[in-house]
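As the structure lists them, so they are numbered: ligands from 1, and atoms in each ligand from 1. From a predicted model like this one, the values you see are computed outputs, not experimental measurements.
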Amino acid sequence: MKLLLMSTSVGPLGSGLGGGVELTLLNIAIGLQKRDIKIDIVAPSGSKLNSIPIVQIPGELQTPAQTQERNIPIIMAGNSVLVNMWEYARKVQAEYDLILNFAYDWLPFYLTPFFHTSIAHLVSMGSLSETMDRIIGQIAAQFPGTIGVHTAIQAATFPFASQCKCLGSGLDLSLYEFCPQPENQLAWLGRISPEKGLEDAVAAAQITGIPLKIMGKIQDENYWQKICTNYPQAPVKYLGFLTTTQLQQELGKCKALLMTPRWVEAFGNVAIEALACGVPVISYRRGGPVSIIRDGETGFLVEPDSVDGLVNAIAHLDRIDRRSCRQQTEVEYSLEALGWRFENWFKSILAKS
Ligand code: HBI
């Protein structure tokens with residue numbers, strides 16, 4: 001089987017702008033290569049991903065869909081990288097058994113019926129706009145089984161929830177080291193952007209006095225500055241956008257990861273990165289983390305948007321056995337399991353076409 005992976009259009013791979021898709025795409029690529037499936041990746045210029053060759057496509061990046069209103073029109077720049085990526089895919093499609101789309105944009109879905117090669121779509125976020133709900137729903141109906149999501153909770157945000165294939169996620173667990181004994185610090189990971197609710201984690205650090213290590217790409221500078229202005233005394237330290245090796249070294253030393261999503265997080269790769277290091281996860285009971293965290297066993301699910309809920313959960317962390325956090329990832333989120341799920345998904349699509 002030979003696959004063409006079409007990356008997200010909001011940033012080059014390795015920039016952090018693609019958020020969870022960057023890690024997901026890499027892990028799917030590695031998971032499938034281990035199963036002797038040939039992979040080529042198409043992504044915006046400036047992309048790099050370990051040693052995997054990437055076809056670099058120039059053009060203007062798409063605006064991140066989660067920053068837009070629900071009823072916005074479809075917007076593509078004159079020299080859109082998305083258009084250029086899919087023009088390339090159209091030219092080479094005959095060389096591939098299947099195309100796997102990671103972009104959360106209207107064009108790849110609209111183009112699907114015009115392609116001869118089957119296209120599988122991994123939808124990386126919950127419902128964000130009418131135009132995307134409509135076009136994804138049309139493809140879900142016209143090409144049954146080709147819409148993949150991470151969790152049932154994410155699928156439930158769409159009108160076509162029952163037609164979505166839940167694929168979870170996974171990690172190369174060999175990159176994450178179990179840390180049995182943490183220091184007195186907390187972690188927050190992710191794109192620094194309003195939908196991630198970082199201000200609540202900072203508020204919890206201020207109340208508990210436990211230092212908070214912040215890691216991830218500053219996607220919204222104004223948002224970050226506003227947090228720094230509003231919480232001048234909070235014991236927080238921004239460590240930047242780290243490589244997986246650096247990230248897991250910092251993360252493993254933490255008593256817990258705080259997840260404060262304002263939106264329905266499709267999955268929450270950062271949750272399984274923390275668990276893989278033996279770090280319990282405290283998250284709002286919202287979105288993907290609800291399907292990941294075993295409440296009271298590998299972390300705590302707290303009332304959404306409740307800083308007091310976070311503070312109370314932090315006080316009970318001694319109840320959590322850090323080994324059970326690592327064990328959960330070995331059982332549920334290995335790269336082998338991920339590769340197996342995706343290969344089966346592709347085979348079911350090819351069997352229909
Ligand atoms: N927005 N328009 C658009 N297209 C994407 O592919 C996209 C996005 N926003 C966020 C995003 N992809 C990824 O960072 C998340 O799906 C993880």
Thr24 near ligand 1, heavy-atom distance under 4.0 Å? no

Applying a strict 4.0 Å limit to heavy atoms, is Leu17 in contact with ligand 1? yes

Any N or O of [X] closer than 3.5 Å to N or O of ligand 1:
| X | value |
| --- | --- |
| Gly18 | yes |
| Ala103 | no |
| Asp105 | yes |

Starting from [atom], locate the nearest protein heavy atom and write down its residue, its atom name and how far away it is, to 0.1 Å.
| atom | value |
| --- | --- |
| atom 16 (O) of ligand 1 | Ser124 OG, 2.5 Å |
| atom 11 (C) of ligand 1 | Met125 CE, 4.0 Å |
| atom 9 (N) of ligand 1 | Gln66 OE1, 2.8 Å |
| atom 1 (N) of ligand 1 | Ala65 N, 2.8 Å |

Qualifying residue for side chain to side chain contact (heavy atoms under 4.5 Å, CB included) with Tyr104, from Leu128, Val10, Thr8: Leu128

Can you get from [X] to [Y] by hopping between Ile, Leu, Val, Met, Phe, Trp and Tyr side chains that sit under 4.5 Å apart?
| X | Y | result |
| --- | --- | --- |
| Tyr231 | Ile214 | yes |
| Ile52 | Leu335 | yes |
| Leu198 | Val279 | no |

In a check of salt bridge (charged side-chain N to carboxylate O under 4.0 Å, His left out) between Glu332 and each of Arg294, Arg341, Arg326, which one passes? Arg294

So do [Y] and [X] actually touch side chain to side chain, heavy atoms under 4.5 Å?
| X | Y | value |
| --- | --- | --- |
| Gln154 | Val123 | yes |
| Asn101 | Leu122 | no |
| Arg323 | Phe178 | yes |

Between Phe115 and Trp86, does the ring centre distance come in under 6.0 Å? yes

For ligand 1, the portion of Val21 having any non-hydrogen atom under 4.0 Å away: both

Which of the atoms in ligand 1, numbered in the order shown and given with their element, are less than 4.0 Å from a heavy-atom of [X]?
| X | result |
| --- | --- |
| Gly20 | 17 (C) |
| Gly19 | 14 (O) |
| Thr8 | 5 (C), 6 (O), 7 (C), 12 (N) |

